[in-house]
Amino acid sequence: MFPSTSRDTGRDPWTDEPPTGASAPARGYPPAPRTGPADDEEGDRPERKGPRRLRKGGPGRRPDDESDEEPEEEVPPVPVRRPLALTVAGFAALLGVGLVLGTQTSGPGHRLPFAAIIFGVQLLFVLAWTMAMRPPALLVVALVSAATAVIADVAAVRSDIAGLAPLGYAALAGLLLAVLGQLVRRVDRVRVTDSLGGTLLIVVGVVSFATLVVLSRIPKGTQAITVCLTAAGVALLVARLTDAVAPWPRLAPQVPRGAAGVVVGAMLGTLTSAVLGSYLVGFTPTSAALVGVVSAATAVLADLAVGYAEAGRLMAGEPPTMWVARHMQGPLGGFALAAPAAYAMCVLFL
């Protein structure tokens, strides 16, 4: 028999004690976890709009995550200034004409006029590259480089045997003196490691022009200088003129140069050297083209490398250098690299 009244009769409905009926949970045990949807008071959770997608190089993401990412800013390309390209082309042409005409003043027992012309070009090189690269102790590096140029020119003229060994000793001494001059001051001592490459380029570039004086003392050397420097000058001139007209395709957005100028300049420089080879004694069009292609290619590539170096300095946050020095740097670097290339080709292949 069941009682007629419930056990909870007489109890207040608002009491805090848990019910003791059969439907109530067992005393001493926590309630069972909920399996239904969350209550409205807990807030609505965003529903997934689709499966997670795997992306290369990172965790998966959903389509709705793409709207949270900010688009990357595109760097606008540096504009190509046509008057500037024409000015640099004119400077490269004048420099090449001066070196080629200076070569004709060289003769047995008369090397000093040509050495004087080379020394003037070396001073321009020191001015442009020190102002553009700004190594520590800039004045010390400039003075040491100028003194190294004098020593290299004298060694090229006065040495008993026409060779590159005296020039190598001059370059090594100049580099050591330049580094020691940077180590004297404490402020410059901190940057000497970073600027070692720039100091080396300045000193070696100065000495490389003296190889033309040594080359003029070798049989066929004067003709080789004419062929090589003409090819380099034509290559630099055509490359810059092409950049002024059609700088396409752009090699980099930060560098105002085009691939067409580099290729066309090297090709026309090689063609010019082949034409000269058919008129110069001791050369054939084939041998002249072989010597000219190396000089033309090294000249235009060195000029292009200078543009990349300047763009790298600007992207690193360094202030721009002197306008004249910055744009003289490329043609001077091209002829500085073409000079030892001409010497190597003359000694190895002629």
Side-chain angles (χ1 to χ4, degrees), residues 89 92-122 152-167 207-239 264-303 331-332 334-350:
L94 290 176
L95 186 60
V97 170
L99 288 173
V100 171
L101 293 180
T103 306
Q104 307 306 318
T105 64
S106 179
H110 298 85
R111 312 290 181 186
L112 290 179
F114 185 43
I117 296 174
I118 293 297
F119 180 68
V121 177
Q122 288 170 327
D153 294 342
V154 172
V157 174
R158 298 295 183 183
S159 59
D160 297 332
I161 301 175
L164 298 182
L167 304 186
V207 175
S208 65
F209 280 104
T211 58
L212 296 175
V213 181
V214 178
L215 185 57
S216 65
R217 300 177 55 185
I218 299 176
K220 298 184 182 180
T222 303
Q223 291 87 343
I225 294 174
T226 303
V227 171
C228 293
L229 295 187
T230 302
V234 170
L236 293 173
L237 174 64
V238 173
V264 175
M267 292 175 61
L268 290 183
T270 305
L271 178 62
T272 304
S273 63
V275 173
L276 282 177
S278 60
Y279 293 100
L280 294 177
V281 178
F283 277 88
T284 62
T286 303
S287 61
L290 180 63
V291 174
V293 67
V294 176
S295 300
T298 53
V300 293
L301 290 179
D303 187 18
L332 287 169
F335 280 106
L337 190 60
Y343 181 89
M345 294 299 295
C346 181
V347 172
L348 296 176
F349 296 101
L350 297 180

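Please read these numbers as outputs of a predicted model, since none were measured by experiment.
- When each of Ile225, Leu94, Ile118 is tested with Leu99 by the rule side-chain contact (heavy atoms from CB on, under 4.5 Å), just one qualifies, namely Ile118.
- In this structure, CG on Leu236 lies 10.0 Å from CG on Leu332, to the nearest 0.5 angstrom.
- Two residues are said to be in side-chain contact when any heavy atoms from C-beta on lie closer than 4.5 Å; Ser216 and Phe114 meet this criterion.
- The CD1 atom of Ile117 sits 8.0 Å away from the OG1 atom of Thr103 when rounded to the nearest 0.5 Å.
- The minimum heavy-atom distance linking Ala162 with Tyr343 is given by the pair O-OH, 4.2 Å.
- Atom CG of Leu348 sits in a crowded spot, with more than 12 heavy atoms from other residues, nucleotides or ligands closer than 6.0 Å.
- No donor-acceptor distance shorter than 3.5 angstrom exists from the side chain of Thr230 to the backbone of Val227, with no hydrogens or angles considered.
- Atom CG of residue Leu337 and atom CG of residue Asp303 lie 11.0 Å apart, to the nearest 0.5 angstrom.
- Residue Ser278 holds its OG atom at 12.0 Å from CZ of Phe283, rounded to the nearest 0.5 Å.
- Two residues are said to be in side-chain contact when any heavy atoms from C-beta on lie closer than 4.5 Å; Leu164 and Leu167 meet this criterion.
- Closest approach of Ala231 and Ser273 over heavy atoms only: CB-CB, 4.0 Å.
- In this structure, the separation between CE on Met345 and CG on Leu215 is 12.0 Å, given to the nearest 0.5 Å.
- Side chain of Ser295 to backbone of Gly292: no donor-acceptor contact under 3.5 angstrom is found.
- The shortest non-hydrogen separation linking Gly221 to Cys346 is CA-SG, 4.4 Å.
- In this model, no donor atom of one side chain and acceptor atom of the other lie less than 3.5 Å apart for Ser106 and Arg217.
- The shortest heavy-atom contact between Ala210 and Ala156 is O-CB, 3.9 Å.
- At a threshold of 4.5 Å between non-hydrogen side-chain atoms, the residues Phe119 and Phe209 do not count as touching.
- Smallest separation of non-hydrogen atoms from Ala89 and Leu237: O-CD1, 3.4 Å.
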Residues Met267, Val293; criterion side chain to side chain contact (heavy atoms under 4.5 Å, CB included); working and verdict = CA-CA 8 Å; Met267 292 175 61; Val293 67; over 6 Å; no
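- When all heavy atoms of Ala288 and Ala274 are compared, the pair lying nearest together is CB-CA, 4.3 Å.
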Under the side chain to side chain contact (heavy atoms under 4.5 Å, CB included) rule, what do Asp153 and Gln122 come out as? Steps first, then yes or no, please.
-> CA-CA 10 Å; Asp153 294 342; Gln122 288 170 327; 2.7 Å; yes
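- Side-chain polar atoms of Ser208 and Thr211 form no donor-acceptor pair below 3.5 angstrom.
- Separating the CG atom in Leu280 from the NZ atom in Lys220 is a distance of 11.5 Å, to the nearest 0.5 Å.
- Checked by atom type and distance alone, the side chain of Thr298 pairs as donor or acceptor with a backbone atom of Val294 at under 3.5 Å.
- For Thr284 (side chain) and Ser287 (main-chain N/O), a donor-acceptor pair under 3.5 Å exists by modelled atom type.
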Worked verdict on Leu212 versus Leu229 for side chain to side chain contact (heavy atoms under 4.5 Å, CB included) = CA-CA 10 Å; Leu212 296 175; Leu229 295 187; 4.2 Å; yes
